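None of these values were measured; they are calculated from a predicted model.
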Amino acid sequence: MIVRAGLLSLVLVTAVLFETVVLADLQVLGYAPMVVVLTVVGVALVDGGESGARYGFAAGLLVDMLGGSLLGMNTIVFVLVGWGVGAIRPYLTGPLVLIRLMVGATASALAVAGYGMLTFLLDPGALTATILLQAVVVTGLYSGALAPFVAGPVAALVQRVPVAGAATR
Amino acid sequence: MPADRRNRRSLLALLLVAALILLTLDFREGGQGPITDAQQAVVAAFAPVQDVVAGLVRPVTELFSSIGELGGLRESNAALEEELRALREQQVLLAQLAGENDRLRALVGMQERLDLSTTSARVVAQPPGAFRWSVLIDVGADHGVRENMAVINADGFVGKVVDVAPGHSRVQLVVGPTAGYSVRVEGTGQHGLLSGRGSNPMQLQVIDDPEVEVPAGAQVVTRWFRGTAIPDGLPVGVVAEAAPGQLESAQFAAVQPYVDWRRLDLVMVVLDAPEAPVELPGLPEDEVEESGG
C-alpha cells in the first residue's frame, strides 16, 4: 500500500514536472499535452474506475495548487476522467497502443472541455467558445500522440503494485 | 456485487463532494485566505524543483523546438532577404537598432528608454493544464516583487504579476483571456481596452474617438492611470487589421502582440516606474507643467 502510494506519487510529480517544464517550450499553437491526465488514464486502464478516481483526485488537486486556478476545478474533472476511463475499460478491445491513444486523446479533450465548462460557469468572461474549441482539438490530438508513451509506462509501473483484490488488465 | 457497486459509487460521490467543497471555499475566499496560502506554499515548494529541471532540460527542449521551425526557414529566409535589402537603405538607423537587438542589451535598452527600475528574471515553468496563460518566474517577494507589477522583455509588455512567493512569482500573460489592460494607440492617441484571446490576436476595444479610424500597423502601448502599477508607454503590439471608424458603436481592432510567447525566457519585472503626466487636453504647455504632471 505504502509502496503503491509512493510510486504513484513519484509518477504524479514526474508528470507535473514534465508538463510544466519540459513541454513548456514544445507547444503547438500555444497548447501543450495533458501529461497528468494521461497518467490518470494509465492508472484507470489498469486498475479501474475506483483507483482512477482516487488518483485523479490527487492529481487534480496538485494541478489546481500549481496552476493558480480555483481549487477543485481540475480535481472534479480528473476524478470524472479516472472514473469514466475505468468504467469503459471492460468494453475496450483491440491493440493496447491504439486503446491508449484513443482513450488518451478523448480523455484529454474531455478534460479540457470539462475545465472550460466549469470556467464558463464560474467566470463567464474568462474564455470564449472559439478558444475552448481550439484547446479541445489541439490538446486532444497532441495528448493522443503522446498517450502510448505516457499511459503505457504508467500502466506497466502500476501493474507491478496492484491494489489488493483488484482485477487488472 | 451490488454492495461492491454501491461502495464504488459512494467513493465517486465522496470525491466529487470533496472537490466541490474545496471549489466553493476557494471561490468564496476571493484570492485571500488559507486555501490561497496553501496554494502559494505548494508553488514555493515545487518551484525550486522546476528550476533545477528547467536548467537540465533547456538545451534539449531548445533543440527540439528549433527542429520544429525548420519547415518555415525557407520562407523566413526569403522574407529576411527582402527585409535586409530595405534595411540597408537605412544603414545609419540600423547600426543603432542592431545593437539593441542583442538579447540582454535590448532588455537594458528597454529599461533605459522608459526610465524603469527593474529586476531581471527567468521563466522557470508554465502551469499544468491546457491553458498556458501564465508563467512562473524565479524572482519573488525577496527581490522586491509585488502583485500587479508589470513584466516586460526585449520585445515589449509580457503581463503582470498575480501571485508572489518569497522566491518565485506567477505572471499573467497579456494574451490570456482573463487579462484586460488600458492601452493607447500611438499616432491617433485613442484610448482603449485590450483583451487577450489566447493564441489568437488580441482584441482592442476603442473607447474614445470611435469615429477615427485605427490604422493597420499602428503601435499599441500601455496607458497609465491612477492606481495601476503598469507604466505608461510599454509596447504591447501592432494593429493587425484596420478598424474603420464607427459612430455610436463600439470599435474593435485585432492586435498582434510583439512578444513571442513560444520563446519566453528572460524577462524583467518593473519594480518602480515614473508616473505618467496627467492629461489635460486643450491647455497650453505651461499650464500642464504647473498642474504637476
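- Distance check: A/Met65 CE to B/Thr36 OG1 gives 10.0 Å after rounding to the nearest 0.5 Å.
- With a threshold of 4.5 angstrom between heavy atoms, B/Ala45 does not approach chain A through any atom at all.
- Other residues, nucleotides and ligands contribute at most 12 non-hydrogen atoms within 6.0 Å of the CZ atom of A/Phe149.
- Once rounded to the nearest 0.5 Å, the distance linking CH2 of B/Trp133 with CD1 of A/Ile131 reads 5.0 Å.
- Here the CZ atom belonging to A/Phe57 is positioned 9.5 Å from the CG atom belonging to B/Leu16, to the nearest 0.5 angstrom.
- Among A/Thr75, A/Ile76, A/Val35, A/Val112, the residue with the largest count of heavy-atom pairs under 4.5 Å with chain B is A/Ile76.
- Side-chain contact between A/Val16 and B/Phe46 is present, with heavy atoms from C-beta onward closer than 4.5 Å.
- Proximity to chain A (any heavy atom under 4.5 Å) is restricted, for B/Arg170, to the side chain, taken from C-beta onward.
- Heavy-atom distances place both the backbone and the side chain of B/Leu15 under 4.5 Å from chain A.
- In terms of heavy-atom pairs under 4.5 Å with chain B, the best-connected choice from A/Leu122, A/Thr128, A/Leu70 is A/Leu70.
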Going through the distances and angles, do A/Leu71 and B/Leu25 end up as a side-chain contact (heavy atoms from CB on, under 4.5 Å)? CA-CA 8 Å; A/Leu71 199 67; B/Leu25 289 174; over 6 Å; no
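- For chain B, the nearby parts of A/Glu50 are the backbone and the side chain; heavy atoms of each come within less than 4.5 Å.
- Atom-to-atom distance recorded for B/Leu22:CG and A/Met73:CE is 13.0 Å, nearest 0.5 angstrom.
- Contact tally against chain A (heavy-atom pairs below 4.5 Å) for B/Ala125, B/Ala19, B/Ser134, B/Ala18: the top residue is B/Ala19.
- Using a distance-only test at 3.5 Å, with no hydrogens or angles considered, a donor-acceptor pair links the side chain of B/Gln39 to the main chain of A/Asp64.
- Residue B/Val53 is tested with A/Thr14, A/Thr20, A/Leu17 for a side chain to side chain contact (heavy atoms under 4.5 Å, CB included); the sole match is A/Leu17.
- Looking at A/Tyr115, only its side chain comes within 4.5 Å of chain B, counting heavy atoms on both sides.
- The 12-atom threshold is not exceeded at CD1 of A/Ile2, counting heavy atoms of other residues, nucleotides or ligands nearer than 6.0 Å.
- With a 4.5 angstrom heavy-atom cutoff, B/Val135 does not touch chain A via any of its atoms.
- Looking at A/Val36, neither its backbone nor its side chain comes within 4.5 Å of chain B, counting heavy atoms on both sides.
- For the options B/Pro128, B/Pro177, B/Pro127, heavy-atom pairs under 4.5 Å to chain A are most numerous at B/Pro128.
- Put simply, of A/Val28, A/Val79, A/Leu66, the one with the most heavy-atom pairs under 4.5 Å next to chain B is A/Leu66.
- In terms of non-hydrogen atom pairs under 4.5 Å with chain B, the most contact-rich of A/Thr139, A/Thr130, A/Leu80, A/Val63 is A/Val63.
- Comparing A/Gly72, A/Ala111, A/Ala15 by how many heavy-atom pairs each has under 4.5 Å with chain B, the most go to A/Gly72.
- Listed options A/Gly116, A/Gly82, A/Ser143, A/Ser69 were ranked by heavy-atom pairs under 4.5 angstrom with chain B; first place goes to A/Ser69.
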